[in-house]
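Report on the following structure.
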Amino acid sequence: MASKLSTSFLNPFFVNFNSNNSNSISNKHLNVSLFLSSHRFTPASCKMRQRSFSSQQKRKNLKKNSPQQPPVVAGSVPSVDVDSDIEGDGDGDSESGNDLTDADVSINQEIVDDVVNNHVAIEDTNDKDLETVIVPELKKTLVLNGEGEDQVSSSQLHYLMNMIRNAEKNVLLLNQARVQALEELQKILNDKESLQGEINVLEMRLAETDARIQVATQEKIHAELLEDQLQKLRNELALSGASKNSELEMQKSQNNVLNSSSIHSLSQELDSLRTENVSLKEDIEKLKTELNNVKNTDERVEMLEKERSLLQSSLKELESKFSISQEDVSKLSTLKVECKDLYKKVENLQGLLDKSTKQADQAILVLQQNQELRNKVDKLEESLDEANAYKLSSEKMQQHNELMQQKIRLLEERLQRSDEEIHSYVQLYQQSVKEFQDTFDILKEESKKRALDEPVDDMPWEFWSHLLLMIDGWLLEKNISTSEAKLLREMVWKRDRRIHDAYMAGKEKNEHEAVSTFLRLISSTTSSGLHIIHIAAEMAPVAKVGGLGDVVTGLGKALQKRGHLVEIVLPKYDCMQYDRVVNMRALDVVLESYFDGRLFKNKIWVGTVEGLPVYFVEPLHPDKFFWRRQFYGEHDDFKRFSFFSRAALELLLQAGKKPDIIHCHDWQTAFVAPLYWDLYAPKGLNSARICFTCHNFEYQGTAPASALASCGLDVQQLNRPDRMQDNSSHDRVNPIKGAVVFSNIVTTVSPSYAQEVRTAEGGRGLHSTLNFHSKKFVGILNGIDTDAWNPATDTTLEVQYNANNLQGKAENKLALRRHLGLSSADTRQPLVGCITRLVPQKGVHLIRHAIYRTLELGGQFVLLGSSPVPHIQSEFEGIANHFQYHEHIRLILKYDESLSHSIYAASDMFIIPSIFEPCGLTQVHLSTLD
Ligand SMILES: Nc1ncnc2c1ncn2[C@@H]1O[C@H](COP(=O)(O)OP(=O)(O)O)[C@@H](O)[C@H]1O
């Protein structure tokens, strides 16, 4: 039973809850052990208490209650601090078994009373009730733990604690029962002892009485013999009286004397015997009663003996239980140690449980959030599906609308422009008519005046001196500024007719009006426009590789139209389209510029391109930098363009130009920015602010840092992370980065591209630099030169056409087909066009695929493009050769500005499969054709 208990106690998950008896008894054992450990005593020295129950009755009660003793219920627990007992059981446990001493024994009567009272209270408790209260909860806990394996829940811990408490309380009760039993045993022994004494007295008295009875019996026999003798004597006496009367009388008298004396003595003796007999009889009666008493005593002794043997057996039983209890106590101590371990483990597990509960809570939260998100996603997907369906239709509508709107906008713009143009023509016409009229009037008046006055050249010096003094007076009186005075003086010196006429016109007016008239003369010579100089590697159409060329020309022309003085500085490439340069001539100057530690001569050419003044720099360097029959792709491009950048600035310095803006483009002229601030601003070319436009961050022109020294830049100063040092390779310099750092404003070719390049994926390593300089970085969408890209006015086309008359487009298509040797059999056969640089960015693999796919689908394909990448160029040359005489496919692998216009104008469809696109001028060109 005890071993069962210990197993159960060690592992709360294996408690045999179906056996109430074993559980109750085990708990009782535990209670006794615990009580002993708290209040040590020996049974022999217990102070016994007289109790109203008979020992037998108590034993019966004990027997009746013990097996079903329930665990102590809350409220019926004795006022023993169980927790403190548990905590303080260390040494006490070892002493609490068989080593109890007398000194330890004095039992606190109050405790005994409490125990007794509680014992009585506990007897009333219904075991079944307890089972229903405790067992189902524990069973529930067990089920939970069966799933959770070795995790202990807080409720299990709680039940474990309750079990321990119950066990300890039961031990206390068992202890109490044992004390009672010992008390009763002691009383029985005492009773037995006193009874034994009584028995001994009675036995002695019995022996005495026996002896007396023996004496009395002998005396009775003797008295009976005497009576017999007396009778005989009486009989003899009667016989001798009759016959021998005298003798006899004599004898009788003698005998009488004899007899009377003996009778007297006999009767005395008899009397005494009788009294003795009476007293003996009384004694015998007494003895009989005593004997009866003794018999009763014997029966009682017998009963006591029986009781004693019963008590002894129960004592043995109790002792065996006690020894079991002792074992239990020792086991309990080990159990306690194990229990402590268990507590620690339970605490750890509790900690883990708390953690895992928190994690589980979090996981549940996350799951809930996931679920919510899932639901949202589902809803979104649903609405997305709906939206997609809706979008498809609306997108088409939108695209159509957008196209329509674009067309409307373009038409409106064109309309506005043509209105403006017509208006300006009308104005010009009106103005010229008016001017003519005015001039005519003036001439008429002049002829009249001349008739009256002296001609200007004939005006006396006094007149001109008078004007000079008048101007100086206005200056001193602060009516005009120094510069205005200077300009007016110059006019006077030159005896300019206009100042003469102005004077004559205002002669009659007041001074204020006269000053205004004079100032109007010089206002036409002062301009509000800016002086902008582009230093670039491309300019359409003379030196164009891609969009950069278009922008330089288009932007230049647009700025020029707005009243700004725009000049372009270009390298003089041998492969330029010289026929597009108007009035090209070499200046009779030699411009020297620094490179590689010495000065190199440069020849400067001038000419106009698309109405813009252009300076062409021809370096007279032995490496013949721009005599390579191509614009880019040379091994020494870094050298070529760093040389050109410095030479261009030298030209501006030598020419004494004071530009407001120097605009440089892409990596090829990015050197201008650091060169300007480090070298040329200190030399006096300091009027300008630098604008740098990057048309494609794909091309950064990095080179070993030492290469920077050739153009005179300080490598040590510039090869720094905050200056020109390349962000990915620290021994290289990056011209684009240098321009971003050194320019006053940095632009790129569209707002969306400006956003893209500020990300790690799009910035090609420069995103951090651009983000650092974000305040001066802006994306401005490219425009195109609508004079050059307008099919209605484009003279390169076979036939001009516009959106209202697409017949011209068909004619251009026919002309192109003929020009390229393509079949014109089917006018409705779609012509797919593609004009591009053949570089990976433009999706060359998709272009290649499109050629074959177009053929498959029955279309015609025209490709105009060239590649700086040799293997791409040779691959497309292979395709071109393959389709050399094909009636539906033509590849023209060169740059041809004029042909590009024809292809844009003739194509029904266009393919632009760019992988990424900073702006995409091809797309913008196409927008003008719809
Ligand atoms: N082989 C070619 N011949 C004539 N023009 C070309 C040729 N290849 C490209 N172009 C022109 O170059 C410009 C390309 O500009 P864009 O589309 O912005 O691309 P990118 O500047 O990257 O080359 C367009 O005006 C296009 O018509």
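One-based numbering, in listed order, for ligands and for the atoms of each.
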Ignoring angles and geometry beyond distance, decide whether K544 reaches within less than 3.5 Å of ligand 1 through its nitrogen or oxygen atoms. yes
Compute the shortest N/O to N/O distance between N696 and ligand 1 and return yes if it is under 3.5 Å, no if not. no
What are the atoms of ligand 1, with element, lying closer than 4.0 Å to any heavy atom of G865? 1 (N)
the protein heavy atom lying closest to atom 27 (O) of ligand 1 turns out to be Y904 OH, 2.7 Å
Flag L548 as yes when one of its N or O atoms lies below 3.5 Å from any N or O atom of ligand 1, and as no otherwise. no
State, to 0.1 Å, how close R732 and N719 come at their nearest heavy-atom pair, and which atoms those are. O-OD1, 3.7 Å
For F861 together with H888, are the ring centres under 6.0 Å from each other? no
Lys/Arg N to Asp/Glu carboxylate O, D787 vs K561, below 4.0 Å: yes
Which of the ligand 1 atoms, numbered from 1, are nearer than 4.0 Å to a heavy atom of H925: 24 (C), 25 (O), 27 (O)
Quick test: of every protein heavy atom, which one is nearest to atom 14 (C) of ligand 1, and how far off is it to 0.1 Å? G547 N, 3.6 Å
Is the closest heavy atom of C919 to ligand 1 under 4.0 Å? no
Using a plain distance cutoff, I'd like to know if K842 has any nitrogen or oxygen under 3.5 Å from a nitrogen or oxygen of ligand 1. yes
Atoms of ligand 1, numbered as shown, that sit under 4.0 Å from any heavy atom of D550: 13 (C), 24 (C), 25 (O)
Taking the six-membered ring for Trp, are H665 and H534 closer than 6.0 Å centroid to centroid? yes
Below 4.0 angstrom from a heavy atom of R837, which ligand 1 atoms are there? Numbered from 1 as shown, please. 8 (N), 20 (P), 22 (O), 23 (O)
Are the aromatic ring centres of Y904 and F910 under 6.0 angstrom apart? yes
Within ligand 1, which atoms have a heavy atom of K894 less than 4.0 Å away? 1 (N), 2 (C)
So, D550 and K544, do they make that salt bridge, N to O below 4.0 Å? yes
Please determine whether a side-chain nitrogen of the Lys or Arg among D574 and R628 lies less than 4.0 Å from a carboxylate oxygen of the Asp or Glu. no
Close-contact set for ligand 1 against G920 heavy atoms, below 4.0 Å: 17 (O), 18 (O)
Decide, yes or no, whether a salt bridge links K813 with D908 under the criterion of side-chain N to carboxylate O below 4.0 Å. yes
Mind listing the closest non-hydrogen atom pair of V839 and V844 along with its distance? O-CG1, 3.7 Å
